[in-house]
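The block underneath contains the structure these notes are about, expressed in structure tokens.
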Amino acid sequence: DASNNALAFSPERCPRLVVKIGSALLVDADASVRREWLAGLLDDVAERTRAGQRVVLVSSGAIALGARRLSLPKGGRASLEDAQAAAAAGQIILSHCYSELLAERGIPAAQLLLTLDDLEDRRRFLNASATLSRLLGLGAVPVINENDSVATTEIRFGDNDRLAARVAQAAGATGVILLSDIDGLYTANPSSDPSATLVPRVARLDAQIMAMADDRSGSGLGSGGMISKLQAARIATRAGVALAIVTGKRPNPLAAFAADGRGTLFEAVSGSGAKRAWLAGRLTVKGRTHVEAGAVAALAPGKTLPAAGARSTEGRFSRGDVVDIVDVEG
Ligand code: GLU
């Protein structure tokens with residue numbers, strides 16, 4: 001029953017919720033903010049806030065908005081330098097909008113611009129987490145984007161889908177809604193395969209599900225295609241966070257989702273604790289340690305690698321860093 005999909009994200013079941021807003025929803029064809037739509041979404045957020053839910057927004061759109069302000073070609077994505085400049089010029093427009101529209105609804109807005117490293121480094125992750133908790137406790141709505149202006153290709157999320165999943169971990173949220181220009185995961189790309197059907201619920205994100213996606217962003221405005229959404233779902237669900245891909249192409253999209261549950265729900269996987277989930281959701285590692293065959297068995301969950309079991313290492317790492325452990329078969 002699809003309407004059940006929305007229950008996992010209700011204020012009763014989900015005290016802290018992350019909502020990600022894709023560029024294609026926020027910015028129209030001539031690259032200005034779709035203010036009326038955003039106002040409707042923030043009405044939904046205000047209503048959820050009144051019902052006791054704490055909401056964190058992860059908003060894209062800076063690059064698209066900034067490209068127009070700076071008259072850059074290709075939506076600001078012709079080069080990394082263009083994207084970084086566009087993000088800087090667009091972010092200030094974006095923050096202004098959120099600040100104004102949330103204030104009209106009696107809600108203080110707060111902005112965090114995060115880089116990949118801010119969430120991959122344990123100490124910085126905990127700092128961001130503490131800040132988010134404090135803001136949520138004060139009734140503010142944090143509006144988060146990647147700090148694209150300082151991120152370089154190798155060390156950036158590049159899409160706000162995975163950022164939203166990592167932010168959910170930092171915010172202690174139990175739900176993520178990815179508002180998108182598509183209404184969920186289809187069995188194949190619906191724009192090229194007319195027989196494709198919407199998958200309402202995914203209990204296990206396996207290879208068969210991953211194979212349903214391709215990585216084109218439908219609109220060309222953002223960078224997140226279906227693959228980045230599935231990667232986000234993997235990070236979130238393994239951390240015990242439910243994630244839904246939901247269409248934002250209707251007014252009051254959160255209220256509409258609450259009413260009909262249309263979208264794809266990825267069920268949370270219960271199990272590992274918060275620190276393990278944070279480790280599992282990491283996108284970068286500092287090095288590799290190659291181990292003897294015998295050491296693999298000794299490395300049962302929660303066990304320590306005996307120093308004698310390590311054959312060699314690659315990379316530079318120190319206490320607290322995360323490394324891959326590689327067995328003799330690679
Ligand atoms: N951070 C980018 C922006 O604000 C968007 C990344 C994405 O498309 O997911 O424009």
Side-chain angles (χ1 to χ4, degrees), residues 18-34 37-38 41 56-99 109 111-119 128 142-168 176-182 213-236 243 245-249 283:
V18 174
V19 178
K20 182 254 176 177
I21 303 135
S23 301
L25 297 171
L26 202 76
V27 178
D28 62 19
D30 73 349
S32 44
V33 177
R34 296 177 59 217
W37 178 86
L38 183 60
L41 170 67
V56 177
L57 301 176
V58 172
S59 181
S60 305
I63 296 177
L65 292 170
R68 180 188 186 215
R69 176 62 53 93
L70 300 174
S71 308
L72 289 167
K74 293 190 179 159
R77 292 175 190 267
S79 69
L80 181 63
E81 289 78 7
D82 277 9
Q84 293 182 315
Q91 187 62 39
I92 201 162
I93 304 174
L94 203 55
S95 341
H96 184 72
C97 269
Y98 278 103
S99 162
Q111 174 175 282
L112 270 80
L113 298 179
L114 297 172
T115 58
L116 179 67
D117 264 358
D118 291 329
L119 299 178
V143 181
I144 298 178
N145 197 356
E146 183 163 15
N147 196 352
D148 292 309
S149 300
V150 299
T152 56
T153 337
E154 319 79 69
I155 51 150
R156 66 197 288 257
F157 284 98
D159 66 82
N160 278 2
D161 301 314
R162 291 179 302 164
L163 175 64
R166 291 296 266 167
V167 162
V176 176
I177 295 177
L178 301 179
L179 286 179
S180 171
D181 58 351
I182 185 156
D214 63 26
D215 60 2
R216 283 183 307 141
S217 154
S219 61
L221 277 177
S223 51
M226 192 50 74
I227 287 181
S228 75
K229 290 180 180 32
L230 294 186
Q231 287 168 338
R234 178 171 278 169
I235 295 169
L243 180 142
I245 302 171
V246 170
T247 179
K249 287 178 95 175
L283 304 171

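All ligand and atom numbering here is 1-based and tracks the order in the structure. Owing to the predicted nature of the structure, the values given are computational and were not obtained by experimental measurement.
Few gaps surround CG on Leu70; more than 12 heavy atoms of other groups in view lie less than 6.0 Å from it.
Only side-chain heavy atoms of Asn145 come within less than 4.0 Å of ligand 1; its backbone N, CA, C and O stay farther off. Counting heavy atoms under 4.0 Å from ligand 1, residue Lys229 does not touch it at all.
A donor atom on one side chain and an acceptor atom on the other are not found under 3.5 Å apart for Asp117 and Thr115. For the residue pair Gln91 / Asn145, a side-chain donor-acceptor distance below 3.5 Å is found, with atom types taken as modelled. For the residue pair Ser60 / Asn160, a side-chain donor-acceptor distance below 3.5 Å is found, with atom types taken as modelled. Side chain to side chain, Ser149 and Gln84 fail the donor-acceptor criterion of an N or O pair below 3.5 Å.
Between Ala64 and ligand 1, a contact under 3.5 Å exists for no N or O pair. Considering backbone and side-chain atoms alike, Lys20 places every N or O at 3.5 Å or more from each N or O of ligand 1. The shortest N or O to N or O distance between Asp148 and ligand 1 is below 3.5 Å.
A salt bridge links Lys20 to Asp161: one of the charged nitrogens lies within less than 4.0 Å of a carboxylate oxygen.
Near Ser60, with a cut-off below 4.0 Å to any heavy atom, the atoms of ligand 1 are 4 (O), 5 (C), 7 (C), 9 (O). For ligand 1 and Ala62, the ligand atoms under 4.0 Å from any heavy atom of the residue are 3 (C), 4 (O), 10 (O). Listed by number with element, the atoms of ligand 1 under 4.0 angstrom from any heavy atom of Asp159 are 7 (C), 9 (O).
Ligand 1 has at least one atom lying under 4.0 Å from a heavy atom of Gly61.
The side chain to side chain donor-acceptor pair (under 3.5 Å) analysis of residues 63-75, with sequence neighbours excluded, yields no pairs.
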